[in-house]
Amino acid sequence: MQVKQTPHIAVIGAGIAGLACATALQRAGLTVSVFDKSRGAGGRMSTRRGDGWQCDHGAQYFTARDPAFRAEVQRWCEAGSAAPWTPRLVSLPHDLPAAAPTQVEVERFVGAPRMTAPAVFLAGGLSVATDTTVEQMRSTPDGWQLRSTEGDWFPAGAGFDGVVLAIPAPQAAVLLQQPAAELAAVASRTAMRGCWAAMLNFDAPVALPFDAAFVQRGPLRWIARDSSKPGRDGAETWLLHASAEWTEDHLEDDAGQVAQLLVDAFAELGGPLPRARTAHRWRYANSQPAGQDGSVWHADLRIGLCGDWLHGGNVEGAWLSGHHLAAQVLASFTTAS
Ligand code: FAD
């Protein structure tokens with residue numbers, strides 16, 4: 001494969017890992033094109049918006065322990081795209097009737113005014129093609145070409161000098177099967193579990209003595225008053241997440257029935273009946289177990305893998321994974337030139 005003077009890299013996936021990788025590559029002078037199948041950037045850092053309400057239904061908050069990620073979060077906060085969130089947080093264990101305060105105090109951040117904001121901030125400086133599902137990769141003497149579900153081939157001219165897959169492991173495994181079976185095998189080793197989410201809207205503030213709770217009762221594992229996060233406006237909205245085990249048992253159930261079961265479980269915790277409810281199924285919510293490799297770069301094929309499944313299984317890990325991969329890509333192209 002010929003490498004152009006300014007290498008052109010394709011990044012598949014505009015979640016936080018892909019955007020972190022793309023940003024670092026572009027800053028170093030490479031040309032970067034990002035593709036995402038969704039309407040906007042953010043991936044699992046996601047917000048559902050309805051008539052007069054909004055709700056983060058994927059990632060709920062993120063921590064920032066690594067110094068590089070802390071500096072990045074500071075940048076997002078200064079840009080107004082993130083803010084600290086200090087909910088009244090409790091635990092609702094299965095063996096205690098009352099709520100217990102959480103023991104370990106952790107600094108938590110959220111996107112502001114919604115969880116997608118950091119991704120929107122990063123995507124603003126990049127070339128991102130949304131509504132574009134990459135379903136095939138092929139190697140040509142001129143570089144890599146990507147075909148979208150709509151049948152278009154990218155790029156229009158000479159191929160990409162490298163491809164980064166910043167997508168969940170099971171989706172990466174499918175895409176890599178034909179062009180890079182060796183890497184497909186790496187991705188296949190990580191299983192990912194689902195999570196049913198329910199978003200509840202209320203006409204008035206819910207009279208529960210907390211804003212968020214780690215739950216160990218029935219199907220629920222996490223509940224949060226989305227309206228308590230900074231910058232949110234609109235109706236009082238609560239988010240409920242089911243456990244991975246319960247989700248796996250109800251993966252193919254009707255969304256309306258799932259919403260009803262989760263509302264019933266919320267009622268057992270003292271929650272009132274909502275005015276409206278919506279359920280969303282995350283098929284690939286989190287990896288089991290999350291890897292600690294950082295990222296994978298195959299220098300001969302010029303294909304890289306990054307994402308939360310390779311580093312810690314959370315927002316911070318996904319961002320670090322993207323950065324880790326960018327460093328490997330840059331080292332590889334510097335050596336090649
Ligand atoms: P993703 O965000 O999944 O991004 C991948 C992107 O690739 C998506 O935008 C997708 O549309 C796109 N894509 C996939 N296939 C293709 C294709 N073929 N072509 C084009 N585009 C494609 N983390 C925390 O830190 N704290 C939490 O509280 C937390 N709670 C969570 C709760 C839930 C229910 C879920 C689902 C996740 C939660 N997480 C949490 C995990 C966190 O959201 C992820 O770790 C992180 O957002 C993953 O980022 P990523 O870039 O690796 O992947």
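All ligand and atom numbering here is 1-based and tracks the order in the structure.
Taking any N or O of Tyr284, backbone or side chain, none lies under 3.5 Å from an N or O belonging to ligand 1. Every N/O-N/O distance between Thr133 and ligand 1 stays at or above 3.5 Å. At under 3.5 Å, not a single nitrogen or oxygen of Glu316, backbone or side chain, sits near a nitrogen or oxygen of ligand 1. Ligand 1 has an N or O atom lying under 3.5 Å from an N or O atom of Gln60, backbone or side chain. Ligand 1 has an N or O atom lying under 3.5 Å from an N or O atom of Val315, backbone or side chain. Residue His241 has no N or O atom closer than 3.5 Å to an N or O atom of ligand 1. By the 3.5 Å distance cut-off applied to N or O atoms, Tyr61 is counted among the residues near ligand 1. Below 3.5 Å of separation, one finds no N or O of Ala285 facing any N or O of ligand 1. Polar contact with ligand 1: absent for Leu175 (N/O pair, distance under 3.5 Å).
Every atom of ligand 1 with a heavy atom of Ile167 under 4.0 Å away is listed here by number and element: 7 (O), 13 (N), 14 (C), 15 (N), 16 (C), 22 (C). Annotation for ligand 1: atoms under 4.0 Å from non-hydrogen atoms of Ala318 are 48 (C), 49 (O), 52 (O). In summary, the atoms of ligand 1 found under 4.0 Å from a heavy atom of Gln171, numbered by their order in the structure, are 14 (C), 15 (N). Applying the 4.0 Å criterion to heavy atoms of Gly13 picks out, from ligand 1, the atoms 6 (C), 7 (O), 12 (C). Close approach of ligand 1 to Gly307 (heavy-atom distance below 4.0 Å) involves ligand atoms 52 (O).
Nearest protein heavy-atom contact of atom 3 (O) of ligand 1 is Arg44 NE, 2.8 Å.
Ring centroids of Phe69 and Trp76 are separated by less than 6.0 Å, placing the two rings close together.
In the model, Trp53 has no side-chain atom that pairs as donor or acceptor with a side-chain atom of Ser227 under 3.5 Å.
Partners of Glu316 by salt bridge (charged side-chain N to carboxylate O under 4.0 Å, His left out), not counting sequence neighbours: none found. In this structure His324 satisfies the side-chain contact (heavy atoms from CB on, under 4.5 Å) test together with Ser295, Gln328, sequence neighbours excluded.
Neither the backbone nor the side chain of Ala197 has a heavy atom within less than 4.0 Å of ligand 1.
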Q: May I have the step-by-step check of salt bridge (Lys or Arg N to Asp or Glu O under 4.0 Å) for Asp253 and Arg281, ending in yes or no?
A: CA-CA 10 Å; Asp253 287 6; Arg281 181 188 62 188; over 6 Å; no
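In this structure, Arg75 pairs ionically with Glu72, as a charged nitrogen and a carboxylate oxygen lie closer than 4.0 Å.
For Arg138 and Trp153, the positive end sits near the middle of the six-membered ring, less than 6.0 Å away and at most 45° from its axis.
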